[in-house]
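Letters go in sequence order (proteins before strands), and every chain restarts at 1. As the structure is a computational prediction, the values presented were derived from the model and not from experiment.
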Amino acid sequence: MLRIKSDQKQRVTLTVNDKTVSGFAQPRLLLTDFLRHELGLYGTHVGCEHGVCGACTIIIDDVATRSCLRYAVQCDGMKLRTVEGLEDVDGTLNALQKAFNENGALQCGFCTAGILMSATKFLQENPKPNRDEVRDMLSGHICRCTGYEQIVRAILQASGQ
Amino acid sequence: MKPVAFEYCRPDTVDEAMELLAEFGGDANVISGGLSLGAMLNMRLVRPTALIDINRLHELADIKIDDATAMTGALVRQAAALKLPGVMSGVPLLAKVLPWVGHYQTRSRGTLGGSAAHADPSAEIPLTLVTLGGAVRLRSPGGSRDVPAQDFFHGLLTTDRRADELITDLIWPLRRDKTGYAFEEIAQRHGDFAIVAVAAEATVGNDGNIADLSFGLGGVEDRPLVADTASYIGKPATMATAEEIAATVAEAVDPMVDLQANADYRRQLVRVLGARVVSSAFADATHSREAA
């Protein structure tokens, strides 16, 4: 059994985008804050902090989920993928990111990292989704700029449709 | 929007979880997916001394199916349940309901047991358990007990769970012969909290009359409830009967009022969705009888 006192800082070691990294966290530290302020990975955005807006969505142990509803100490030893890990090996945008760019699927960009991570996992599970399935998946994100249509188009384009 | 400082406890066995619950009692919160509790922690609606993280109690992710019931461990994720053919064919109402529970990104982590523990009055999983006449299995240092779902949900975010108990399983009755299932809800956006959710399990006899009916309502009162439909047993399983049942129940309920809807609107939803869902369950039952 692991017990960490409320004021104790515990070392947390994670694999983020295939690199082993570590930092320190008290139990109450959200995973989002750990990524941003302890590891300096500012790509994951913090919106509502209660699981509604979807901006903080990342992939944890192969599951797309909210990082604001996790505490860093819960995730010791886990494998994370964040938006920083999406680019192709040569450092250019990957197919999904390019599709977002070409379709105007972002404006202010606040929600984008979360949507990209959801869509990445979603397309792995469902490589040829139809429009309704994409819209259903997107219901877990709030975007106040695009009206979603461009995002739907970008995801369909990235799936080769 | 940061939680209060709390001690983090991660038991490796259910027995260790029992020790922690005995030590902290009501000063601890048990966290599984954290989709509801995490939000309440971050908003400081709950301020526990300790958080007991049961996510590594792999024995709570077991599923057992026998002749009469499917028993899902408290830690079974909603998305995982959707991918289990045995659970989906055995408990068809749950299969209809789960796509309405939250979103792709929350079902991936949210658990069946966590939804029951949280006891939001509009939540679909508690409604399904109540409609089907299922039960919640709880474990304490003194042993296990099964509480019928109808007795488990006491009111808004309040259940029969004592502070030293852990939910270990939900118990779902399997589909029955000549029986149909239906579900619908209205929410502001798909995946949001339902304003009203309705579920029905109906058995239709060879004579075309109602042999059994369970008509469940969520988001209406402070807990999921099953309407009293005893006087309709033996009546014809038709749209007209379904409309009559829904209209009678809509008058009998005492709906919540919140920013989303007043009582009249909730009554109207019970009337409209109720008629639709009860008649769909009749049709599904007839189809299941003819297919048999």
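With chain A as partner, the option from B:Pro3, B:Ala79, B:Gly110, B:Gly38 having the largest number of non-hydrogen pairs under 4.5 angstrom is B:Pro3. Annotation: maximal heavy-atom pairing with chain B below 4.5 Å, among A:Glu49, A:His50, A:Arg135, occurs at A:Glu49. Among B:Met40, B:Glu19, B:Arg56, the residue with the largest count of heavy-atom pairs under 4.5 Å with chain A is B:Arg56. When each of A:Gly54, A:Gly114, A:Gly51, A:Ala64 is scored by its heavy-atom pairs under 4.5 Å with chain B, the top score falls to A:Ala64.
Contact of A:Asp33 with chain B is made through the side chain alone, with heavy-atom distances under 4.5 Å. Only the side chain of B:Met43 comes within less than 4.5 Å of a heavy atom of chain A; its backbone N, CA, C and O stay farther away. Heavy atoms closer than 4.5 Å to chain B are found in both the backbone and the side chain of A:Phe122. For chain A, the nearby parts of B:Ser108 are the backbone and the side chain; heavy atoms of each come within less than 4.5 Å. A:Glu133 does not touch chain B: none of its heavy atoms, backbone or side chain, sits under 4.5 Å away. Residue B:Leu51 touches chain A through its side chain alone, counting heavy-atom pairs closer than 4.5 Å. Residue B:Asn55 touches chain A through its side chain alone, counting heavy-atom pairs closer than 4.5 Å. Proximity to chain B (any heavy atom under 4.5 Å) is shown, for A:Gln74, by both the backbone and the side chain.
Test A:Thr57, A:Ile151, A:Thr112, A:Val52 against A:His141 for side-chain contact (heavy atoms from CB on, under 4.5 Å) and you get one pass: A:Thr57.
Dense packing is recorded around NZ of A:Lys128, with more than 12 heavy atoms of other residues, nucleotides or ligands lying under 6.0 Å away. Within 6.0 Å of atom NZ in B:Lys2, more than 12 heavy atoms from other residues, nucleotides or ligands are found, so the atom counts as buried in its surroundings. More than 12 heavy atoms of other residues, nucleotides or ligands sit less than 6.0 Å from atom CZ of B:Phe24.
Sequence neighbours left out, not one pair with a member in residues 86-112 of chain A passes salt bridge (charged side-chain N to carboxylate O under 4.0 Å, His left out).
Defined by atom type and a distance below 3.5 Å, a donor-acceptor pair is present between the side-chain atoms of A:Ser139 and B:His103.
We find that A:Asp61 and B:Arg109 are not joined by a salt bridge, their nearest charged nitrogen and carboxylate oxygen being 4.0 Å or further apart. Here B:Arg276 pairs with B:Glu184 in a salt bridge; the nearest charged N to carboxylate O distance falls below 4.0 Å.
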